[in-house]
Amino acid sequence: MSDVRHVLVLPDRDAAEEAAELLGERFGIDEEPRLVRDALAGEDDAEDAQWLVVLRDEEQRLDAGQLDEFAAQWDGWREEP
């Protein structure tokens with residue numbers, strides 16, 4: 001069984017919120033993406049912490065290459081499952 005999630009890693013909360021908002025429009029996602037602050041960032045780094053945008057993809061409809069390009073618009077990247 002393969003992973004049914006994609007994780008986009010973005011440089012800050014603003015980028016993550018903007019990307020999450022546009023993902024539904026761009027890729028026809030039914031479920032809202034989750035935003036998660038990178039657990040490895042310490043409290044002192046809160047403003048500069050990376051943010052994760054987690055997308056469920058149980059039907060495996062999302063194209064990894066297109067998601068890579070999408071994340072790159074905000075200086076981010078997609079983590080391999």
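Fair warning: this is a prediction, and the values are worked out from it, not measured in the lab. All values below come from the heavy atoms of this structure, side chains included, with hydrogens, waters and symmetry mates left out.
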So which atom in L62 and which in D57 form the shortest heavy-atom distance, rounded to 0.1 Å? N-OD2, 3.3 Å
Just jot down the salt bridge (charged side-chain N to carboxylate O under 4.0 Å, His left out) partners of E18, sequence neighbours excluded, or say none. none
Which atom names give the shortest non-hydrogen contact between A16 and W51, and what distance separates them? CB-CB, 3.7 Å
Is the number of heavy atoms from other residues, nucleotides or ligands within 6.0 Å of CD (Q73) greater than 12? yes
Could you measure the distance from the CH2 atom of W77 to the CG atom of D68? Nearest 0.5 Å is fine. 12.0 Å
Contacts of type side-chain contact (heavy atoms from CB on, under 4.5 Å), residue E58, not counting sequence neighbours: V4, R56
For E32, check side-chain contact (heavy atoms from CB on, under 4.5 Å) against everything at least two apart and list the hits. none
In Å, rounded to the nearest 0.5 Å, how long is the span from CZ of R5 to CD of E79? 9.0 Å
How long is the straight-line distance from CG of D12 back to CD of E17, given to the nearest 0.5 Å? 9.0 Å
Drop me the distance from Q60's CD to H6's NE2, to the nearest 0.5 angstrom. 7.5 Å
Which heavy atom of R61 sits nearest a heavy atom of G28, and at what distance? NH2-O, 2.9 Å
Which heavy atom in L10 sits nearest to a heavy atom in G76, and how many Å separate them? CD2-CA, 3.8 Å
Between V53 and A20, the two heavy atoms sitting closest are CG1-CB, 4.3 Å
Quick one: does L67's side chain get under 4.5 Å of L23's, heavy atoms only? yes
